[in-house]
There are 2 protein chains.
Amino acid sequence: MTESSSADAVLATANVVPHRKKYARKKIAAIEAAARVFADKGFHGATTQDIAAEMGIQQGSLYYYFKSKEAALQEVCEYDFSNYVQRMKKICAKDQPFEAKMLAIVTSHLTNYSQKSNAMKVHNEQRLYLPAERRVVLKELGTTYRRLLEQTLAEGIAQGLVRNDIDTHFVAYSIIGICNSWGANLFRDDSLDVFETIEQCSDLILYGTLNKR
Amino acid sequence: MTESSSADAVLATANVVPHRKKYARKKIAAIEAAARVFADKGFHGATTQDIAAEMGIQQGSLYYYFKSKEAALQEVCEYDFSNYVQRMKKICAKDQPFEAKMLAIVTSHLTNYSQKSNAMKVHNEQRLYLPAERRVVLKELGTTYRRLLEQTLAEGIAQGLVRNDIDTHFVAYSIIGICNSWGANLFRDDSLDVFETIEQCSDLILYGTLNKR
DNA sequence: GAGTTTTTCTATAGATTTATAGAATTATTC
DNA sequence: GAATAATTCTATAAATCTATAGAAAAACTC
């Protein structure tokens with residue numbers, strides 16, 4: 001559970017000045033520490049003391065990195081989210097058969113979960129404790145993601161591959177629901193295999209449970 | 001959002017002595033008030049003051065009904081759960097075609113959500129904040145429920161109606177995941193139609209998204 | 001290495017929160 | 001209606017939590 005790698009997003013915003021670079025690195029560590037603690041104890045259950053301890057600093061020092069506890073939650077929820085939506089855009093833009101796209105979408109979702117699990121878990125479970133003002137960016141990104149999914153389904157229908165009697169809006173929400181539900185399971189249970197889970201999820205979404213007649 | 005009706009469960013345990021009956025009634029009101037508050041603010045975000053205010057009593061008086069805040073969470077999570085599992089048992093015991101059973105299961109789940117929404121929401125989202133000792137009953141009931149679902153799927157396979165290459169364990173979890181995800185949506189969005197949602201959920205589970213060839 | 005900037009620490013104000021004890025009130029019983 | 005039991009209230013102890021201010025330490029610059 002390191003969640004490193006995509007320091008990129010935050011690092012990119014930092015100037016090349018060594019000072020800022022070092023700050024940015026530690027800021028990422030702070031976000032990831034907060035993500036771990038919030039994932040474990042929930043926003044209200046976690047204390048700034050917990051987060052500071054997770055970073056190995058004193059409680060008061062935490063405020064060098066976060067303006068407030070609430071700001072920390074917001075940053076955790078937004079952490080790497082736009083990269084994730086970006087990846088979704090790429091998947092949807094590709095010229096591939098519907099089944100392959102769906103597999104790629106589920107893969108992206110669950111892979112992201114198994115890599116950025118804490119931040120994603122916190123986003124899914126705790127973001128509603130943020131006041132609406134702090135959720136505008138999240139809402140936008142979430143809507144973009146869902147629309148891409150709906151669009152992909154609509155394309156599948158247009159190609160005659162997907163049933164034309166489904167409600168794309170409903171199915172999009174359902175897919176997100178299944179993926180998040182399995183994401184949480186993967187988080188909880190180490191013995192689960194990510195790729196096995198991916199297979200089964202997309203299989204269920206595509207084919208359902210009934211035998212073909 | 002009254003959540004009355006099934007006072008039965010708790011009332012049944014109370015002796016016929018008028019005293020106990022009145023206490024039991026108010027205790028149910030306490031559980032439902034706690035459910036509303038926990039659903040809204042989360043376990044740690046809610047205060048005993050909030051729950052007391054919701055009941056129209058003073059903070060200290062709340063301890064006449066709950067031994068502790070944690071005990072209140074446990075009681076909310078367990079509230080009406082065993083009735084719910086009981087209903088599931090009846091559905092599964094019936095001699096009906098697989099499709100009808102699945103529709104009944106989804107209906108039971110989502111109908112329960114729209115009636116006992118607060119307690120169910122709290123159960124789904126907050127129960128893990130309880131220490132393991134307080135979750136034994138919940139765990140048992142949950143396992144029973146999932147097993148019934150798995151068994152129903154297995155019967156469907158035996159009858160040749162359900163694909164024999166699915167993993168019943170995985171599919172059972174997925175069904176629960178979809179239902180809970182839509183339960184939460186129904187909770188949030190009043191404009192959604194419960195029966196429409198039920199239709200769509202079971203349709204997706206049964207037939208998936210692809211056209212038959 | 002003196003001076004400057006960044007990072008961390010300590011200490012604390014001020015507000016909340018859970019849970020308890022004992023008094024006060026209300027309801028029930030005979 | 002006096003005696004008893006149930007319910008609610010008030011007041012408070014004890015613990016905890018966020019956020020801030022200013023000092024101390026560490027890192028960096030020239």
Side-chain angles (χ1 to χ4, degrees), chain A residues 7 10-11 13-34 37-38 40-76 122 126 129-131 134, chain B residues 7 10-11 13-34 37-38 40-76 122 126 129-131 134:
Chain A
V10 186
L11 277 176
T13 24
N15 248 319
V16 203
V17 184
H19 273 143
R20 303 225 174 263
K21 213 169 180 176
K22 195 195 163 195
Y23 178 85
R25 243 198 311 272
K26 194 116 196 219
K27 169 97 194 202
I28 288 163
I31 293 175
E32 291 181 352
V37 173
F38 286 150
D40 187 38
K41 306 192 164 186
F43 174 62
H44 292 292
T47 66
T48 52
Q49 163 62 39
D50 293 330
I51 300 170
E54 180 79 19
M55 290 180 69
I57 61 175
Q58 293 302 108
Q59 185 266 336
S61 307
L62 191 66
Y63 286 77
Y64 187 64
Y65 295 102
F66 297 116
K67 198 144 193 218
S68 69
K69 190 186 168 190
E70 206 175 78
L73 176 59
Q74 180 179 352
E75 298 204 48
V76 168
V122 172
Q126 313 286 327
Y129 296 132
L130 288 171
R134 286 196 185 271
Chain B
V10 186
L11 277 175
T13 23
N15 246 317
V16 204
V17 183
H19 274 145
R20 303 222 173 265
K21 213 171 183 178
K22 195 195 163 194
Y23 178 85
R25 242 200 310 272
K26 194 114 197 219
K27 169 98 193 199
I28 288 163
I31 293 175
E32 291 180 352
V37 174
F38 286 151
D40 187 38
K41 306 191 163 188
F43 174 62
H44 287 113
T47 66
T48 53
Q49 163 62 40
D50 293 330
I51 300 170
E54 180 80 19
M55 289 179 70
I57 62 175
Q58 293 302 108
Q59 186 266 336
S61 307
L62 191 67
Y63 286 77
Y64 187 63
Y65 295 102
F66 297 117
K67 200 146 191 215
S68 68
K69 189 186 167 189
E70 206 176 76
L73 176 59
Q74 181 179 352
E75 298 203 48
V76 168
V122 172
Q126 312 287 326
Y129 297 132
L130 287 171
R134 287 197 185 269

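Naming convention: chains lettered A, B, ... in sequence-line order (proteins, then strands); numbering from 1 in each chain.
In this entry the distance linking CD1 of B:Ile51 with P of C:dT17 reads 12 Å, nearest Å. In this structure, the CZ atom of B:Arg25 is 14 Å from the C1' atom of D:dA6, given to the nearest Å. In this structure, the NZ atom of B:Lys22 is 12 Å from the P atom of D:dA6, given to the nearest Å. With rounding to whole Å, A:Tyr64 atom OH is found 7 Å from C:dT6 atom P. The distance from atom OH of B:Tyr23 to atom P of C:dA27 is 18 Å, rounded to the nearest whole Å.
For the OP1/OP2 pair of D:dT8 and a distance below 4.0 Å, the side-chain nitrogens and oxygens of B:Tyr65 include at least one atom meeting the criterion. The side chain of B:Lys26 places an N or O atom within less than 4.0 Å of a non-bridging phosphate oxygen (OP1 or OP2) of D:dT8.
In this structure, A:Lys26 has no salt bridge (Lys or Arg N to Asp or Glu O under 4.0 Å) partners at least two apart in sequence or on a different chain. Residues passing the side-chain hydrogen bond (donor to acceptor under 3.5 Å, both in side chains) test with A:Glu54 are A:Arg36, sequence neighbours excluded.
Inter-residue side-chain proximity for B:Phe38 and B:Lys69 is flagged as met; some heavy-atom pair is nearer than 4.5 Å. Counting heavy atoms from C-beta outward, A:His44 and B:Phe43 have side chains that stay 4.5 Å or more apart. Put simply, the side chain of B:Tyr63 reaches to within 4.5 Å of the side chain of B:Thr48, judged on heavy atoms.
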Under 3.5 Å, N/O pairs linking protein and nucleotides 15-22 of chain D:
unit_1, atom_1, unit_2, atom_2, d
D:dT18, OP1, A:Lys69, NZ, 3.2
D:dT18, OP2, A:Thr48, N, 3.0
D:dT18, OP2, A:Thr48, OG1, 2.8
D:dA19, OP2, A:Tyr63, OH, 2.7
D:dA19, OP2, A:Lys69, N, 3.0
D:dA19, N7, A:Gln59, NE2, 3.2
D:dA19, N6, A:Gln59, OE1, 3.0

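Among the heavy atoms of the strands, none lies under 4.0 Å from B:Phe66.
At distances below 3.5 Å, not a single donor-acceptor pair connects side-chain atoms of A:Asp40 with backbone N or O atoms of A:Val37.
The side chain of B:Gln58 approaches D:dT10 more closely than any other nucleotide in the set C:dT8, D:dT10, D:dT8.
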